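Structure first, commentary second.
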Amino acid sequence: MPTRPRESSVNLSTAVDNARTGDIWIFRGHSGPDRAIQTLSNSPVNHVGMAVVLDDMPPLMWHAELGKALQDMWTGRYQRGVQLHDLRGSVQVWCGRYGQTPWFRQLEPGVTKEQEDAVLRTIARLDGTPFPSTAKVASRWLGGKVNRVAAPVTRAELETTYCAEVVGVTYESMGLLKKERRRDWYDPGRFWSGDRLPMAPGYSLGKEVAVVLTPEELEAGKNPPRPATR
């Protein structure tokens with residue numbers, strides 16, 4: 001088991017090497033859409049994903065995004081929407097191509113085999129679902145602030161899930177969050193330490209650890225390589 005980093009900032013290799021399933025990755029950007037999400041959610045961040053680290057597989061990032069720069073590791077396709085990416089490559093793209101600043105928060109304690117199975121079932125169910133429009137994201141989020149009582153989620157709602165919902169639904173399936181809120185209650189700021197998540201007893205998220213990328217890593221994220229086609 002690698003030593004858990006305690007520094008307030010680490011390099012990308014250290015962050016990836018110490019990743020465990022359930023760790024939260026959050027990002028802050030400076031574009032117009034990024035600032036709009038930050039304003040609506042009243043938080044300093046605009047994107048959230050979750051690390052998935054299973055057996056001998058490389059560390060992965062489970063999230064939703066509009067881009068399709070990286071290959072989805074579940075379907076093998078380049079697709080928009082809910083995706084499972086190589087963790088290192090995903091962070092490089094979000095920082096190098098999208099100009100984001102990354103942090104991660106580590107889940108304590110580590111997850112069980114049953115929780116890993118729950119992650120895989122959630123990936124099988126949600127991977128590839130489309131990302132909603134910016135207007136729909138805003139209306140769903142605002143609806144979540146008004147409708148705070150838990151309610152059933154329809155298939156149509158799941159088909160337009162977005163980044164914070166993906167992480168929230170996955171955490172719920174793992175038993176890490178109390179099912180007290182509607183899915184549209186989640187936004188990226190819920191996973192920042194300045195907010196309070198209804199974590200299940202015995203589980204917690206550590207403080208944000210900033211991740212620093214080298215110029216070479218940032219450059220690699222601007223134009224990630226694609227496998228040669230036959």
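What you see is a predicted model, and the numbers here were worked out from it, not measured in a lab.
Tracing side-chain contacts under 4.5 Å through hydrophobic residues (I, L, V, M, F, W, Y), one reaches Leu177 starting from Trp192; they form part of the same cluster. Under a hydrophobic-cluster definition in which Ile, Leu, Val, Met, Phe, Trp and Tyr are linked whenever side-chain heavy atoms come within less than 4.5 Å, directly or via other members, Val91 and Val209 are assigned to the same cluster.
When side chains are defined from C-beta on, Val111 counts as touching Met174, because their heavy atoms get closer than 4.5 Å. Within the 4.5 Å cutoff, the side chain of Leu60 has no heavy atoms near those of the Val53 side chain. Considering only heavy atoms from C-beta on, Leu54 comes within 4.5 Å of Thr21 through its side chain. Two residues are said to be in side-chain contact when any heavy atoms from C-beta on lie closer than 4.5 Å; Arg125 and Val169 meet this criterion.
Put simply, the side chain of Gln100 gets close to the backbone of Gly29: a donor and an acceptor are under 3.5 Å apart. For the pair Asp17 (side chain) and Thr14 (backbone), a donor-acceptor distance under 3.5 Å is absent. Judged by distance alone, the side chain of Arg80 and the main-chain N or O of Leu66 form a donor-acceptor pair under 3.5 Å. Asp117 contributes no side-chain N or O that, together with a main-chain N or O of Leu120, makes up a donor-acceptor pair within less than 3.5 Å. A donor-acceptor contact shorter than 3.5 Å links the side chain of Tyr171 to the backbone of Gly22. Between the side chain of Glu65 and the backbone N or O of Gly67 there is at least one donor-acceptor pair closer than 3.5 Å.
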Begin from the C-alpha positions of Ser193 and Glu208 and carry the test side-chain hydrogen bond (donor to acceptor under 3.5 Å, both in side chains) through to its verdict. CA-CA 7 Å; Ser193 62; Glu208 289 81 6; 2.7 Å; yes
Please evaluate residues Glu172 and Tyr186 with respect to the criterion side-chain hydrogen bond (donor to acceptor under 3.5 Å, both in side chains), reporting the C-alpha separation (whole Å), side-chain torsions for both, the decisive distance (0.1 Å), and the verdict. CA-CA 12 Å; Glu172 287 183 6; Tyr186 294 111; 2.8 Å; yes
Set out, in order, the CA-CA distance, both residues' side-chain angles and the distance that settles side chain to side chain contact (heavy atoms under 4.5 Å, CB included) for Asn11 and Val211, then state yes or no. CA-CA 5 Å; Asn11 60 41; Val211 180; over 6 Å; no
Could you walk me through whether Glu217 and Arg88 pass the side chain to side chain contact (heavy atoms under 4.5 Å, CB included) test, one step at a time? CA-CA 9 Å; Glu217 289 169 335; Arg88 181 187 297 273; 3.9 Å; yes
Between Leu176 and Gln115, does a side chain to side chain contact (heavy atoms under 4.5 Å, CB included) hold up when you go through it step by step? CA-CA 9 Å; Leu176 298 177; Gln115 289 169 319; 3.6 Å; yes
Determine, step by step, whether Arg226 and Tyr78 satisfy the side chain to side chain contact (heavy atoms under 4.5 Å, CB included) criterion, reporting the C-alpha distance in whole Å, the side-chain angles of both residues, the deciding distance to 0.1 Å, and the verdict. CA-CA 10 Å; Arg226 289 198 173 196; Tyr78 289 84; 3.5 Å; yes
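Taking each heavy atom of Ala69 and Arg97 in turn, the nearest pair found is CB-NH1, 3.3 Å. Across all non-hydrogen atoms, the minimal contact from Pro102 to Leu213 is CG-CD1, 4.2 Å. Residue His85 comes nearest to Leu70 through the heavy atom pair NE2-O, 3.6 Å, listed as atom of the first residue, atom of the second, then distance. Scanning all heavy atoms of the two residues, the minimum distance from Ala15 to Trp25 falls at CB-CH2, 3.7 Å. Closest heavy-atom contact between Ala64 and Val166: CB-CG2, 4.1 Å. Across all their heavy atoms, Ala118 and Ser173 have their closest contact at CB-O, 3.4 Å.
A cation-pi geometry, defined here as NZ or CZ lying under 6.0 Å from the six-membered ring centre and within 45° of its normal, does not hold between Arg105 and Phe191.
Salt bridge absent: Arg121 and Glu116 never bring a charged side-chain N and a carboxylate O closer than 4.0 Å.
Note: Phe27 and Trp94 have tilted aromatic rings, judged against thresholds of 30 and 60 degrees for the angle between ring planes.
The CD1 atom of Ile26 sits 8.0 Å away from the CD1 atom of Ile24 when rounded to the nearest 0.5 Å. The distance from the CG atom of Asp86 to the CE atom of Met57 is 10.0 Å, given to the nearest 0.5 Å. Atoms NE2 and NE2, on His47 and His63 in that order, are 5.0 Å from each other to the nearest 0.5 Å. Atom CG of Leu84 and atom CE of Met61 lie 10.5 Å apart (nearest 0.5 Å). Separation of atoms CG (Asp72) and CZ (Arg77) is listed at 7.0 Å; rounding is to 0.5 Å. Considering CE of Met50 and CG of Asp23, their distance stands at 9.0 Å, rounded to 0.5 Å.
One side chain, Gln79 or Asp127, offers a donor N or O that lies under 3.5 Å from an acceptor on the other.
Screening Leu87, Val119, Leu126 for a side chain to side chain contact (heavy atoms under 4.5 Å, CB included) involving Trp62 leaves a single residue, Leu126.
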